[in-house]
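Worksheet for the structure shown next.
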Amino acid sequence: GAARCDDTIRYGLLVTTLQEPLILGSRKEMERLVKFAKEDRIDTIYIQVYRANRPYFPSMIGDSAPYRACVKSVGEDPLTFLIKKAHASGIKVYAWLNMMSLAENKNAFILKKYGPGILTRGPSPKTKIEDYKTDKQYFMEPGDLRVRRELVKMTGEMVSAYAGLDGILFDYIRYPDANPPYGYTEANIARFKKARGRTQINEDDPAWKDWKRLQVTETLEALSKKARSIRRDIKISATACAPYARAYREAFQDWSAWYNSGLVDYITLMSYPPDLKSLKEYVREAKEKAPDFKKVNIAVPAYKLINSVGTFEDQLKFCRASKPNMCVVFDYESLLKNRALQNALAEANK
């Protein structure tokens, strides 16, 4: 591409493991992805390499069967191959990891190892594993130190294996929601009571809410620290919910603190509203929390706008005008499904 001045907005592309055919399972698909990214002037590919406790990299911690299958079909380590191809075209690669969510995988290695006690939950009784499901998935407890240890080890495995990796996108570092209230695992409650001198849990106790926020932040801190201890130069981004009230009060993400303390290099705002008005409101709010918007990426939901190309164009234009670090499109598969979305992206990125 042509030389670009500093104030040009860059574009990123999120690529999931759910896409068929699996991108990491085929040289042809990885080459096609890089060609696509180059033609559309994508600066960074965010490739999902960990989802539902299944790593697509060499791991002793998670179920690396998907990784072994990819190595077999590609003939070498798929992520190494993708990084090499992308770098040859001047494109960066971030490993995208879904941390607290196990998706619908009730046979996850980590669950077999520790049992359902590591799944975050509300106060109501649980009799079977399905009772722990929230938003169609199983969420682990950020305040359980066993969970934290496992995820830290896994981050270490990944960063150690790929010297060429440009960065990491930590996703799902949060509680699921505020309703029902979460955080009621034995381990988390015991730690809270001991640390704060409480004898019981009261959902309206500010100390309890702050405790949950602290668990989320400390988990991210441990992951970032591990990654940077192996590679000082690796860039770290974490996804944050929008609007800010939802992030802070329901997901217990104090992302302005992550941003201000240098815990991450970038915040990636994943809000995914289907309209422009909400996006504008979320961004206006985010700018109050993060005045230096060069450390913020805004994700735009192509998947929700497959049949609303006009709204996709408007959101991209607004994203550019907001001057973030990057506009990140979710996701590659949606762009392939509708050529008009691709054209809109190419147009926005001229």
Side-chain angles (χ1 to χ4, degrees), residues 4-14 16 40-44 46 94 96 135 169-174 176-179 237-260 264-335 337-338 340-350:
R4 318 189 74 181
C5 30
D6 279 343
D7 61 352
T8 311
I9 300 303
R10 298 175 303 152
Y11 286 82
L13 185 59
L14 288 153
T16 76
D40 278 353
R41 293 192 180 167
I42 297 291
D43 176 90
T44 305
Y46 296 87
Y94 273 55
W96 167 24
D135 188 20
L169 176 63
F170 288 122
D171 194 6
Y172 278 99
I173 307 270
R174 60 182 179 88
D177 228 325
N179 195 13
S237 182
T239 62
C241 296
Y244 188 76
R246 182 193 164 204
Y248 192 78
R249 298 201 186 103
E250 298 181 18
F252 293 95
Q253 295 179 317
D254 186 1
W255 67 251
S256 63
W258 306 348
Y259 162 100
N260 288 319
V264 296
D265 297 289
Y266 306 106
I267 291 290
T268 299
L269 271 187
M270 282 189 173
S271 54
Y272 302 150
D275 61 298
L276 181 60
K277 189 170 169 271
S278 306
L279 183 68
K280 284 185 168 172
E281 185 52 32
Y282 297 166
V283 168
R284 183 193 62 71
E285 221 181 35
K287 282 192 162 174
E288 288 173 6
K289 303 288 173 196
D292 176 11
F293 228 51
K294 282 290 170 220
K295 292 186 196 164
V296 176
N297 304 323
I298 299 173
V300 179
Y303 80 103
K304 249 185 209 169
L305 304 171
I306 283 189
N307 303 313
S308 318
V309 178
T311 306
F312 181 64
E313 280 175 357
D314 292 344
Q315 287 201 8
L316 279 179
K317 273 185 202 146
F318 174 70
C319 185
R320 278 189 71 138
S322 306
K323 294 199 165 32
N325 169 60
M326 189 178 286
C327 298
V328 182
V329 176
F330 184 80
D331 64 332
Y332 175 49
E333 185 175 25
S334 306
L335 296 179
K337 279 181 184 166
N338 188 347
L341 290 176
Q342 274 185 54
N343 296 342
L345 178 61
E347 195 54 39
N349 203 0
K350 269 184 176 163

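Below, each value reflects all heavy atoms present in this structure, side chains not excepted, and no hydrogens, waters or symmetry copies. What you see is a predicted model, and the numbers here were worked out from it, not measured in a lab.
- Listed here is the closest heavy atom pair of Val283 and Ser322: CG1-OG, 3.8 Å.
- Closest of all the heavy-atom pairs between Cys241 and Leu269 is O-CD2, 4.1 Å.
- Remark: Asp292 engages Tyr259, Lys294, Lys295 in a side-chain contact (heavy atoms from CB on, under 4.5 Å) (not counting sequence neighbours).
- Listed by chain and residue number, Val309, Asn338 satisfy the side-chain contact (heavy atoms from CB on, under 4.5 Å) test with Ala340 (two or more places apart in sequence, or in another chain).
- Residues satisfying the ring-ring contact (aromatic ring centres under 6.0 Å, His included) test with Tyr94, not counting sequence neighbours, are Tyr46.
- With sequence neighbours excluded, the residues that form a ring-ring contact (aromatic ring centres under 6.0 Å, His included) with Tyr332 are Phe36.
- Scanning for side chain to side chain donor-acceptor pair (under 3.5 Å) contacts around Trp96 gives Asn98, Asp171, with sequence neighbours left out.
- Within the structure, salt bridge (Lys or Arg N to Asp or Glu O under 4.0 Å) contacts touching residues 325-334 (residues at least two apart or in different chains) do not occur.
- Residues in residues 264-314 take part in no disulfide (SG to SG under 2.5 Å) pair, two or more places apart or across chains.
- In terms of heavy atoms, Ala299 sits closest to Met270 at CB-CG, 4.1 Å.
- The side-chain hydrogen bond (donor to acceptor under 3.5 Å, both in side chains) pairs that include a residue from residues 308-317 number zero, where partners must be two or more places apart or lie in different chains.
- Residue pairs meeting the side-chain hydrogen bond (donor to acceptor under 3.5 Å, both in side chains) criterion with at least one partner in residues 271-287, sequence neighbours excluded, are Asp275-Ser278, Glu281-Arg284, Arg284-Glu288.
- Sorted pairs that involve residues 268-308 and meet disulfide (SG to SG under 2.5 Å), not counting sequence neighbours, are lacking altogether.
- The ring-ring contact (aromatic ring centres under 6.0 Å, His included) check on Phe312 picks up nothing, with sequence neighbours excluded.
- Checked by atom type, the side-chain pair Ser256/Tyr244 shows a donor-acceptor distance below 3.5 Å.
- Counting only residues at least two apart or on different chains, no disulfide (SG to SG under 2.5 Å) pair has a member in residues 274-303.
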